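In what follows, every heavy atom counts, from backbone to side chain, and hydrogens, waters and symmetry copies are set aside. This structure is a prediction, so every number in the text was calculated from the model and none was measured.
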Amino acid sequence: MTSTRTLHLAAELAPGGAPASTASADARTAAARTVALARLADAAALDFLTHDDSFGRPGLDALAVLARVAPETRSVGLVPTVTTTHTEPFHVQAAVATLDWVSRGRAGWRIAVSPTGAEARLFGRRPAPATAELWQEAGEVAEVSRKLWDSWEDDAEIRDVATGRFIDRRKLHYVNFQGSTFSVKGPSIVPRPPQGNPVTVVDATLPAARDTAAHHADVALISASSAEEAAALRAELHQGARAHGRDPGQLRVLLSATVDLDAYEGGPGALAELIAGWHGGGAVDGFHLVPAVPERDLERFTADTVTRLRDRGLFRTAHEGTTLRDHLGLTRPVGQYATTGASA
């Protein structure tokens with residue numbers, strides 16, 4: 001069976017949040033390495049790259065790293081992991097919006113939570129809540145982020161030199177959001193991002209994260225040992241999206257798997273067969289590679305696996321759009337306040 005659905009491919013740049021050196025020379029080397037890997041993915045027309053992160057990982061945060069990568073790449077999407085625990089939602093959304101501007105519409109964010117006591121002690125604000133509570137909070141952060149991104153209408157910037165006005169204040173809106181653990185008044189300090197809303201990615205491999213993914217994610221990452229299991233998870237996420245009043249056609253479900261192409265039976269060719277089979281059978285919308293050794297496995301994935309998929313007519317030869325939403329076939333959302341003219 002040949003699928004007519006678009007195949008989506010993505011990859012991880014920093015599997016497991018591998019520690020980065022803080023020494024300046026090593027930091028420069030690490031930056032050059034990351035840029036080189038990103039350019040491989042860019043040339044192969046992958047949809048996006050993720051960069052793992054956590055408070056337990058030393059070195060630069062993922063947002064900063066991908067802001068460095070953005071001007072060195074042309075089309076590939078850039079998706080840093082951003083924790084919604086122990087952080088301020090207002091500043092989180094502003095940072096993600098800024099990455100969307102820096103990358104000219106190629107940003108996303110992979111929502112994560114910080115469930116450990118060690119991470120909580122770094123901040124001293126509160127003990128580590130239960131994981132279910134953290135994912136509820138993460139969903140609220142995703143919701144208020146969309147409101148803040150929409151708090152500037154698309155044409156709020158007027159830059160009228162004659163009158164000295166930068167913005168039309170009538171097109172900025174208070175969001176007045178009250179969550180279970182935080183409140184935000186708004187509006188944002190960053191103009192509405194090029195994509196309207198940067199792409200939201202949720203790792204739905206944990207059951208506690210699945211409702212948040214169904215409710216808020218544009219892309220959900222899953223783990224499965226068979227196509228049947230993957231198809232069941234995709235159906236569960238789509239059903240959840242419908243229950244939240246969403247169009248499940250606007251949710252992409254990607255299999256996320258750690259792959260060592262030196263140890264993988266059949267190598268890059270067998271991986272191409274697996275991807276083609278699972279996608280063609282409707283189990284998933286694509287594949288998110290977590291390379292065991294990025295420099296080795298990402299190069300082989302782009303040079304061999306992706307080429308085999310392209311030769312079979314299953315994957316694009318070049319990016320056809322300019323934004324990450326374009327790559328994923330997702331519509332640019334209409335600003336919720338521009339539609340009604342409301343201020344809350």
Keeping [X] on the side-chain end and [Y] on the backbone end, is there a donor-acceptor pair under 3.5 Å?
X	Y	result
Asp47	Leu9	yes
His319	Leu46	yes
Gln93	Phe90	yes
Ser183	Gly179	no
Asp297	Asp260	no

Go through the steps for His327 and His8 under the test ring pair (Phe, Tyr, Trp, His ring centres under 6.0 Å), then give the verdict. CA-CA 8 Å; His327 305 340; His8 301 288; 9.4 Å; no
Could you list the residues that satisfy salt bridge (Lys or Arg N to Asp or Glu O under 4.0 Å) with [X], not counting sequence neighbours?
X	answer
Glu273	Arg312
Arg110	Glu12, Asp52
Glu137	Arg126
Asp262	Arg296, Arg300

I'd like to check the ring pair (Phe, Tyr, Trp, His ring centres under 6.0 Å) partners of Phe177; sequence neighbours left out, ordered by chain and number.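 Testing Phe177 for ring pair (Phe, Tyr, Trp, His ring centres under 6.0 Å), a comparison that skips the adjacent residues, returns Phe182.
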Contacts of type ring pair (Phe, Tyr, Trp, His ring centres under 6.0 Å), residue Phe55, not counting sequence neighbours: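 Ring pair (Phe, Tyr, Trp, His ring centres under 6.0 Å) list for Phe55, sorted by chain: Phe123.
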So if I apply the side chain to side chain contact (heavy atoms under 4.5 Å, CB included) rule between Leu289 and each of Val259, Leu49, Thr258, Thr302, which one comes out positive?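 The option that passes is Val259.
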Determine whether the side chains of [X] and [Y] contain a donor N or O and an acceptor N or O closer than 3.5 Å.
X	Y	value
His288	Thr50	yes
Ser114	Thr83	yes
Asp326	Thr323	yes
Thr331	Gln250	yes
Trp152	Ser188	no
Glu153	His173	yes
Glu119	Thr85	no

Glu320: which residues meet the side chain to side chain donor-acceptor pair (under 3.5 Å) condition with it, sequence neighbours left out?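 Scan of Glu320 (side chain to side chain donor-acceptor pair (under 3.5 Å), adjacent residues dropped) gives none.
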[X] side chain near [Y] side chain, heavy-atom distance below 4.5 Å:
X	Y	answer
Trp109	Thr81	no
Arg310	Arg316	no
Arg57	Asp53	yes
Val202	Trp135	yes
Ser256	Ser223	no

Arg106/Asp42 ion pair, N-O < 4.0 Å: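 So Arg106 does not pair with Asp42 through a salt bridge.
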Quick one: salt bridge (Lys or Arg N to Asp or Glu O under 4.0 Å) pairs with a partner in [range], sequence neighbours left out?
range	value
residues 233-248	Arg234-Asp285
residues 187-196	Asp150-Arg192, Asp154-Arg192
residues 75-100	Glu88-Arg125
residues 203-228	Asp218-Arg325

Sequence neighbours excluded, which residues qualify as side chain to side chain contact (heavy atoms under 4.5 Å, CB included) partners of Ala118?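 In terms of side chain to side chain contact (heavy atoms under 4.5 Å, CB included), with neighbours along the sequence ignored, Ala118 is linked to Thr116, Arg121.
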